[in-house]
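Chain A is the first sequence line, chain B the second, and so forth, proteins listed ahead of strands; every chain is numbered from 1.
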Amino acid sequence: MPTETTAPPNFIHEIVEEHNRTGRFGGRVHTRFPPEPSGYLHIAHAKVASIDFGLARDFGGKCNLRFDDTNPIREETEYVDGIIETLHWLGWDWDDRLFFASDYFQQLYEWAQLLIRKGKAYVCDLSPDEVREYRGDLTTPGRNSPWRDRSVEENLDLFERMKRGEFPDGSRTLRAKIDMAHPNFNMRDPVMYRILHAEHHRTGNEWCIYPMYDWAHGQSDSIEGVTHSLCDVGYEDHRPLYEWFCNELGIYCPQQVEFGRFAFTYTVLGKRILKRFVKEGLVHGWDDPRMPTLVGLRRRGYTPEAINDLCNRTGVSKTNTVIEIQLLEYCIREDLNKRAPRVMAVLAPLKVVIENWPADKVEWVEAVNNPEDESMGTRRIPFGRELYIEQDDYREDAPKGWFRLGPGREVRLKHGYFITCHEAVKDADGNIVELRCTYDPESAGGQTPDGRVVKGTLHWVSAAHAVDAEVRLYDYLFTKPDPNDAPEGQDFMANFNYNSETILTGCKVEPGLAAARPGDRFQFLRTGYFCLDPDTTPELLVFNRTVGLKDTWSKVEKKK
RNA sequence: UCGGGGAUAGUUUAAUGGUAAAACAUCUGACUCUGGAUCAGAAGUUUGGGGUUCGAAUCCCUGUCCCCGAGCCA
């Protein structure tokens, strides 16, 4: 469990402490994280999981993983496996407490019969459209279903025949008999069971009636001995029903506690929409590095530590919140800055020939792996007559304040020597294809005996030793306008640009990276943090950019 | 329109009748073998109006605005 960092206490802690004072649950704290296996977990799920598992951790309690799999047409085993894997990646653990709502189908069925016998549930023959009509609206009360007063015997018989599969989908439902005039729609005789002749990912064709969320969730919590059933404020109106069912059944009733929903700037988390992106091939899959899914963020290079840090730094309240995505970027920079080795990589190579360096001479210079952490040690990298530097690091028109290379200018090659540029070789179209330079033999290690100062330091790789790599630059899927501000009722898919991936081929990285393993993360100096893609082929190193560093030069330039 | 919930810097949260604060974001400056990182500094906040009180973000009254709810989804 991620125990190193703990979230500050929030209002839920106060509720629990109050329960502990009054002894309501005998000092127990037992929560559950209840995803529906109908998609992959995304960044907001990480926050919710952190609330559920975190509360149990903070009070020395337990948290179950329970899949809310009551709708067979949306759910798949692939998602169950994906969710479990992601949760483990985040560091959460539930011992042997992995449950499924579908574990309780038989019990739920028997409880439904109990409610029928108590005269609190009935089989209704209204069609979906009729049910809607009878339900009334915001200001007018609903009307009783004509089937509301069937006898217990008839209800029992009909319900059993529903279960046996005698009726087609949608022809009948089992409903709770509560109050069709109740101001809360959830209490207007809510549907408990619907007929669905569909194969369930776990129970196969054993059932053709499936419980609704309301008829399954509270009882599942009750069976598992959950004390605090945490959910978002969208379920506030469901709490009276949650409690009504437990009370009518005469079973233990947990306390439902609601917290505000979470959204992120420039991020769309809607399952339907993400699914659509995957299906329509706008992204390569659920784990596309641009996706807000946790498998996507992982592939892009985000660490579980950074994501947990984000969860701890953002609060929990009853207000719906929009978390700035910049905070996530801060968290990953914080984490990677400490752990990612600095390596040299040239994304857009420009050849440099050092004319006064012997053609076949190679010098292996020493380089520190992380200037802020000596324990990460040093490595040796080859320096030779032909090198590559970044195209962006040479400017013919070098403006004021430009510390990098230009005609006649001297810079330091990091860990190497000072070089001075004498000539830019151009092709027929006037593009610079090569720089002719000389080096100062006195400047080994980056300093000269005369102590002269060069302000610019560049990263570079030896042309003879460099390893070819492909670099993919990713940004958040959505660009401005912020999709959270989508005009009402419009299909934002038509309105919003999404970032395509930028693939840079012909990148050159220092030779030591040939030994890097998929998932390894690095800081390429000045260009950002990169993660070696897990799907990379052995022949070619593919790096995904996690997050860019702040480009201070362009800021300097903008000011002028 | 009916029911439920919410409102403190740009954002997310503290302050539980006693000096309104932190982090991120923003801006300024310093430093550096990258201009990154780091360090220092600045600006900015109680939804409006009334009331109680020596004293109100907090208690009372009253407005305003925002979110959720009419699935046989969860």
Side-chain angles (χ1 to χ4, degrees), chain A residues 8-10 14 34-36 38 68-71 73-75 101 124 126-128 131-133 135-142 169-175 182-188 190-196 209-210 212-214 216-217 231-240 258 260-262 265 271 310 313-331 333-334 337-338 342 367-368 370-372 393 401-404 411-416 445-447 454-459 523 525-529 548-556:
Chain A
N10 55 56
E14 287 174 29
E36 185 194 19
S38 57
D68 241 335
D69 56 348
T70 56
N71 186 349
I73 58 183
R74 287 156 50 111
E75 299 149 9
C124 179
L126 254 27
S127 71
V131 168
R132 195 176 312 120
E133 269 179 53
R135 189 157 29 223
D137 63 27
L138 262 16
T139 47
T140 64
D169 288 3
S171 58
R172 289 181 219 264
T173 55
L174 182 73
R175 297 225 260 162
H182 199 109
N184 180 347
F185 283 101
N186 294 304
M187 302 300 270
R188 318 245 262 227
V191 172
M192 295 160 63
Y193 277 96
R194 76 285 217 185
I195 299 172
L196 242 36
I209 55 171
Y210 290 93
M212 297 290 291
Y213 163 86
D214 287 301
H217 203 91
C231 58
D232 72 61
V233 289
Y235 293 92
E236 242 157 0
D237 290 346
H238 292 251
R239 185 168 7 105
E258 307 89 6
R261 315 175 78 120
F262 302 99
T265 55
K271 237 177 229 181
L310 174 88
R313 281 171 183 273
T314 50
V316 182
S317 65
K318 292 212 68 167
T319 320
N320 291 341
T321 59
V322 181
I323 298 165
E324 287 183 340
I325 204 70
Q326 285 93 322
L327 186 57
L328 210 213
E329 292 182 29
Y330 169 81
C331 291
R333 265 190 268 121
E334 274 278 294
N337 184 43
K338 285 194 207 86
R342 276 57 170 167
V368 293
N370 187 335
E372 287 166 56
D393 284 343
W402 178 258
F403 298 155
R404 281 123 92 164
V411 295
R412 171 168 40 229
L413 294 179
K414 192 170 174 78
H415 307 304
Q447 282 165 42
V454 291
K455 282 190 163 175
T457 302
L458 307 184
H459 54 273
Q523 185 188 120
L525 298 169
R526 210 208 274 119
T527 47
Y529 293 100
L549 301 174
K550 293 172 186 171
D551 183 355
T552 319
W553 170 252
S554 66
K555 228 159 68 177
V556 168

- Task: Could you tell me whether the side chain of A/Thr319 and the main chain of A/Thr321 form a donor-acceptor pair under 3.5 Å?
- Result: no
- Message: In whole Å, measure the gap between the C1' atoms of B/U16 and B/U28 for me.
- Response: 37 Å
- Task: Quick one: label A/Glu258 by what it contacts on the DNA or RNA (base, sugar-phosphate, nothing), any heavy atom closer than 4.0 Å.
- Result: nothing
- A/His182 has an atom NE2; how far is it from atom P of B/G69, in whole Å? 17 Å
- Message: Do A/Arg333 and A/Tyr330 form a cation-pi contact, if we require the NZ or CZ to be under 6.0 Å from the six-membered ring centre and within 45 degrees of the ring's axis?
- Response: no
- Under 4.0 Å between any heavy atoms, over every strand shown, what does A/Glu14 touch: base, sugar-phosphate, or nothing? Just pick one. base
- Kindly say if A/Tyr330 contacts the phosphate of B/C24, meaning a side-chain N or O under 4.0 Å from OP1 or OP2. yes
- Task: Indicate, with a heavy-atom threshold strictly under 4.0 Å, whether A/Arg261 touches base, sugar-phosphate, or nothing.
- Result: nothing
- Do the non-hydrogen side-chain atoms of A/Leu549 and A/Gln523 ever get within less than 4.5 Å of each other? yes
- Message: Expressed as a whole number of angstroms, how long is the span from A/Asn320:CG to B/G5:C1'?
- Response: 9 Å
- Using a heavy-atom cut-off of under 4.0 Å over every strand shown, decide if A/Tyr235 touches base, sugar-phosphate, or nothing. base
- Item | Whole-Å P distance, B/G63 and B/C73 | 40 Å
- Message: Can you say whether a donor on the side chain of A/Asn186 sits under 3.5 Å from an acceptor on the base of B/G69, or the other way round?
- Response: no
- In short, A/Asp393 meets A/Arg526 closest at the heavy-atom pair OD1-NH1, 3.0 Å
- Message: Rounded to whole Å, please give me the gap between NE2 in A/His238 and C1' in B/G69.
- Response: 7 Å
- In Å and rounded to the nearest 0.5 Å, what is the CD to OH distance from A/Glu36 to A/Tyr213? 11.5 Å
- Note on the structure: Regarding the side chain of A/His459, the nearest nucleotide among B/A37, B/A70, B/U34 is B/U34
- Query: Taking the C1' atom of each, how far is B/G49 from B/G5, in whole Å?
  - Reply: 23 Å
- Item | Distance between C1' atoms of B/U38 and B/U19 (Å, rounded) | 32 Å
- Message: Using a heavy-atom cut-off of 4.0 Å across all strands, would you classify A/His415 as base, sugar-phosphate, or nothing?
- Response: base
- Query: Quick one: A/Phe185 CZ to B/U1 P, roughly how many Å, whole number?
  - Reply: 15 Å
- Query: Which sits closer to the 5' end of RNA chain B, A/Ile323 or A/Asn184, going by the nucleotide each is nearest to?
  - Reply: A/Asn184
- Item | Integer-rounded Å distance: B/C68 P and A/Lys318 NZ | 15 Å
- Item | Identified stems (criterion: three or more consecutive Watson-Crick or G-U pairs, under 3.5 Å), RNA chain B | B:2-7 with B:64-69, B:10-13 with B:21-24, B:26-30 with B:38-42, B:47-51 with B:59-63
- Message: Would you say A/Arg188 places a side-chain N or O within less than 4.0 Å of OP1 or OP2 belonging to B/C2?
- Response: no
- Message: Expressed as a whole number of angstroms, how long is the span from A/Leu327:CG to B/A22:P?
- Response: 17 Å
- Message: Can you identify which nucleotide, out of B/U34, B/C73, B/A25, has its nearest atom closest to the A/Leu525 side chain?
- Response: B/U34
- Task: Under 4.0 Å between any heavy atoms, over every strand shown, what does A/Leu126 touch: base, sugar-phosphate, or nothing? Just pick one.
- Result: base
- Message: Any non-hydrogen side-chain atom of A/Ile195 less than 4.5 Å from a side-chain atom of A/Ser171?
- Response: yes
- Could you tell me whether A/Gly456 contacts a base, only the sugar-phosphate backbone, or nothing, with contacts defined as non-hydrogen atoms closer than 4.0 Å? nothing
- Task: Could you tell me whether A/His217 contacts a base, only the sugar-phosphate backbone, or nothing, with contacts defined as non-hydrogen atoms closer than 4.0 Å?
- Result: nothing
- Message: Other residues, nucleotides and ligands only: do more than 12 of their heavy atoms fall within 6.0 Å of NZ on A/Lys455?
- Response: no
- Task: Answer yes or no: does a side-chain N or O of A/Arg132 lie under 4.0 Å from OP1 or OP2 of B/G71?
- Result: yes
- Task: Respond yes when some side-chain nitrogen or oxygen of A/Arg412 is under 4.0 Å from OP1 or OP2 of B/U32, and no when none is.
- Result: no
- Winner on side-chain proximity to A/Arg333, out of B/U13, B/G71, B/A37, is B/A37
- Task: Under 4.0 Å between any heavy atoms, over every strand shown, what does A/Asp237 touch: base, sugar-phosphate, or nothing? Just pick one.
- Result: base
- Message: Using a heavy-atom cut-off of 4.0 Å across all strands, would you classify A/Thr173 as base, sugar-phosphate, or nothing?
- Response: base
- Counting only side-chain N and O atoms of A/Ser317, is one of them less than 4.0 Å from OP1 or OP2 of B/U13? yes
- Task: Can you see which heavy atom on A/Pro240 is nearest to which on A/Asn184, and at what distance?
- Result: CG-ND2, 3.8 Å
- Compare all side-chain heavy atoms of A/Arg239 with those of A/Glu258 and state whether any distance is below 4.5 angstrom. yes
- Does A/Lys414 put a side-chain nitrogen or oxygen below 4.0 Å from OP1 or OP2 of B/U34? yes
- Task: For B/G10 versus B/U26, give the span between their C1' atoms, rounded off to a whole number of Å.
- Result: 8 Å
- Message: Counting only side-chain nitrogens and oxygens, does A/Thr70 get under 4.0 Å of the OP1 or OP2 atom of B/A74?
- Response: yes
- Task: Please state the P separation for the pair B/A40 and B/C31 - nearest whole angstrom.
- Result: 15 Å
- Query: When we call it a touch if two heavy atoms are under 4.0 Å apart, what does A/Leu138 touch: a base, just sugar-phosphate, or nothing?
  - Reply: base
- Message: For the P atoms, the ones on B/U1 and on B/U64, what distance do you get once it is rounded to whole angstrom?
- Response: 10 Å
- Note on the structure: Assign each of A/Leu549 and A/Glu75 the nucleotide of RNA chain B bearing its closest heavy atom; nearer the 5' end lies the nucleotide of A/Leu549
- Expressed in angstrom and rounded to an integer, what is the separation of A/Tyr213 atom OH from B/C68 atom P? 17 Å
- Message: In whole Å, I'd like the distance from the CG atom of A/Asp169 to the C1' atom of B/C73.
- Response: 15 Å
- Message: Suppose you measure atom P in B/A14 against the same atom in B/U47; what distance do you get, rounded to whole Å?
- Response: 15 Å
- Item | Listed nucleotide nearest any side-chain atom of A/Glu334, set B/U1, B/A7, B/U38 | B/U38
- Are side-chain heavy atoms of A/Val411 and A/Val454 found at a separation under 4.5 Å? no
- Just label B/G71 as syn or anti from its O4'-C1'-N9-C4 or O4'-C1'-N1-C2 angle, using within 90° of 0 for syn. syn
- Answer yes or no: does a side-chain N or O of A/Arg194 lie under 4.0 Å from OP1 or OP2 of B/C73? yes
- Query: Does any donor-acceptor pair link the side chain of A/Glu324 with the base of B/G10 at a separation under 3.5 Å?
  - Reply: yes
- Message: Quick one, A/Phe185 and A/Asp237 - any side-chain contact, counting heavy atoms below 4.5 Å?
- Response: no
- Message: Can you confirm whether A/Leu196 sits close enough to A/Asn71 that some side-chain heavy atom of one is under 4.5 Å from a side-chain heavy atom of the other?
- Response: yes
